[in-house]
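Taking it in order: structure first as structure tokens, then the write-up.
Just so it is clear: chains get the letters A, B, ... in the order the sequence lines come, proteins before strands, and each one is counted from 1.
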Number of protein chains: 2
Amino acid sequence: MRLVVARCQVDYAGRLTAHLPMATRLVMVKNDGSVLVHSDGGSYKPLNWMSPPCKVVEGTGEDGVAEWLVTGREGDTLRILLADVLHDSAHDLGVDPGLQKDGVERHLQELLADHPATLGEGLSLVRREFPTAIGPVDLMCRDPQGGSVAVEIKRRGEIDGVEQLTRYLELLNRDPTLRPVRGIFAAQEIKPQARVLATDRGIACAVVDYDALRGMDDPAERLF
Amino acid sequence: MRLVVARCQVDYAGRLTAHLPMATRLVMVKNDGSVLVHSDGGSYKPLNWMSPPCKVVEGTGEDGVAEWLVTGREGDTLRILLADVLHDSAHDLGVDPGLQKDGVERHLQELLADHPATLGEGLSLVRREFPTAIGPVDLMCRDPQGGSVAVEIKRRGEIDGVEQLTRYLELLNRDPTLRPVRGIFAAQEIKPQARVLATDRGIACAVVDYDALRGMDDPAERLF
DNA sequence: ACGTTGATTTCGTAA
DNA sequence: TTACGAAGTCAACGT
């Protein structure tokens with residue numbers, strides 16, 4: 001990895017065109033050739049960048065100003081003019097062992113599979129990841145009357161999730177051994193527009209309390 | 001901005017928990033206190049990070065190993081153990097003038113609002129961002145026969161956009177004062193699958209020439 | 001190789 | 001301030 005701190009101007013041309021006026025920034029060049037231009041604020045997203053695979057050609061423009069031309073796979077280009085180089089160093093980082101995660105949507109699905117009744121009175125689990133031709137339904141349950149209930153789980157409930165559940169329900173309701181199948185859209189938070197669409201399609205909405213579920217799951221974390 | 005290259009171990013606890021084993025990486029500390037941990041590959045997204053506003057406390061753990069504790073607003077924490085520091089430098093970057101973009105969907109919508117006839121013979125604009133219960137339709141137009149036409153605009157036309165327009169049309173066609181409403185799916189580029197789906201649903205596709213539109217908009221940019 | 005789905009998404013804009 | 005959609009989204013996973 002190479003780190004360059006310099007006054008620079010950056011121009012990108014690809015799916016869009018973007019321009020950064022001359023200012024002092026960090027230019028990071030990774031081992032695979034990818035380039036990131038960071039300022040001293042914002043979030044983790046660079047001001048401008050080129051994703052791998054790409055190629056960097058270092059040249060010299062007018063007035064002896066260094067010019068880097070980065071070319072991507074789809075013909076997009078990033079041009080960097082380096083006016084004053086304040087720092088330039090290279091480092092051998094080796095291969096990273098990678099990130100280990102825990103606590104994402106998968107976890108929410110596991111908790112709800114253990115406590116399906118929190119989604120609706122008397123619901124019991126049939127199976128998780130119930131297979132269909134267009135992908136697995138998060139949870140398949142049964143209600144006290146013996147009816148089938150398909151559950152789609154999201155961390156944040158938006159319109160896309162309702163669409164997804166709608167597709168599952170359409171398919172499942174063609175199966176005479178399951179029909180009729182109703183749907184529950186479960187999420188930690190449900191956006192108003194998603195709720196409108198779900199209600200319009202006869203899909204119930206369930207807001208899930210992740211911490212409460214975790215408490216039910218692990219008695220040690222209960223408060224009483 | 002401070003740049004540290006070091007063998008380090010990183011642990012995050014917040015909305016999820018994440019762990020990075022000991023390895024050599026770049027740790028970037030921005031002026032607002034935000035921290036980014038980058039490896040030498042991947043994309044522009046760091047392996048781990050803390051978004052501003054946050055606070056960094058440098059301490060010393062067992063065996064004299066440096067330990068940084070980064071605390072975010074929502075009580076999430078990032079703990080960094082620095083075993084071997086290979087590089088450590090600080091740089092004053094100042095405030096960045098910011099990025100200028102061009103060519104996004106908004107601009108395309110403005111241009112098409114000014115020239116609706118490029119979408120279909122004799123079309124005229126009723127209004128941009130025509131409101132519905134599930135969100136605004138990009139353009140609402142009227143054809144020479146007085147029929148309503150809903151237009152969904154994308155830079156790249158994919159299946160999601162067709163689904164979106166379908167939802168609008170379904171809703172709009174329930175309104176007796178508008179009915180019947182037909183749809184046009186407009187984009188700079190339309191993926192084959194999206195075109196198939198649109199056609200199947202009786203939605204017309206319009207491929208938009210951004211440069212030509214811009215030329216119509218600004219006579220100075222015309223080539224002839 | 002391609003499509004689908006999730007994300008500590010981030011970022012902008014309009015209500 | 002909030003809420004929503006778009007992103008040069010990226011990345012993991014299944015077909």
5' priority, DNA chain D, between A:K191 and A:Y12 [closest heavy atom]: A:K191
Within residues 3-12 of chain B or reaching into it, pairs that qualify as salt bridge (Lys or Arg N to Asp or Glu O under 4.0 Å) - sequence neighbours excluded: B:R7-B:D84, B:D11-B:R79
Side chain to side chain contact (heavy atoms under 4.5 Å, CB included) partners of A:A204, counting only residues at least two apart: A:I184
Which pairs, protein N/O on one side and nucleotides 2-6 of chain C N/O on the other, fall under 3.5 Å?
from, atom 1, to, atom 2, distance (Å)
C:dG6, OP1, A:E105, OE1, 3.3
C:dG6, OP1, A:E105, OE2, 3.3
C:dG6, OP1, A:K154, NZ, 2.5
C:dG6, OP2, A:K154, NZ, 2.2
C:dG6, O5', A:E105, OE1, 3.3

Any residue meeting ring pair (Phe, Tyr, Trp, His ring centres under 6.0 Å) with B:Y44, in chain and number order, not counting sequence neighbours: A:W49
Sugar-phosphate, base or nothing in reach of A:R73, heavy atoms under 4.0 Å: nothing
Rounded distance (Å) that lies between atom P of D:dA7 and atom CD of A:E74: 15 Å
Write down the protein N/O and nucleotide N/O pairs, taken from nucleotides 13-15 of chain D, whose separation is under 3.5 Å; answer none if there are no such pairs.
none

Contact list for residues 34-55 of chain A, test salt bridge (Lys or Arg N to Asp or Glu O under 4.0 Å), sequence neighbours left out: none
Set of residues satisfying salt bridge (Lys or Arg N to Asp or Glu O under 4.0 Å) with respect to B:R201, sequence neighbours excluded: B:E163
Sugar-phosphate only, base, or nothing, as touched by B:P136 at under 4.0 Å among non-hydrogen atoms: nothing
Residues from residues 14-39 of chain B lying under 4.0 Å of DNA chain D - heavy atoms: none
Check the interface with nucleotides 11-15 of chain C: list each N/O to N/O pair with the protein under 3.5 Å, or write none.
from, atom 1, to, atom 2, distance (Å)
C:dC11, OP1, A:S43, OG, 2.8
C:dC11, OP2, A:S43, OG, 3.2

Over 12 non-hydrogen atoms of neighbours within 6.0 angstrom of CZ in B:R73: no
Between P of D:dA7 and CD of B:Q109, the distance in whole Å: 12 Å
Sugar-phosphate only, base, or nothing, as touched by B:S51 at under 4.0 Å among non-hydrogen atoms: sugar-phosphate
Identified side-chain contact (heavy atoms from CB on, under 4.5 Å) partner of A:V137 from the options A:V151, A:V126, A:L172: A:L172
Separation between the C1' atoms of C:dA7 and C:dC11, rounded to whole Å: 15 Å
Qualifying residues under side chain to side chain contact (heavy atoms under 4.5 Å, CB included), relative to A:V104, sequence neighbours excluded: B:L16
Residue pairs involving residues 20-29 of chain B (criterion salt bridge (Lys or Arg N to Asp or Glu O under 4.0 Å); sequence neighbours excluded): A:D96-B:R25
Distance (rounded to the nearest 0.5 Å) between A:C54 SG and A:K30 NZ: 11.5 Å
Sugar-phosphate, base or nothing in reach of A:M50, heavy atoms under 4.0 Å: base
Side chain to side chain contact (heavy atoms under 4.5 Å, CB included) involving A:V95 - partner list, sequence neighbours excluded: none
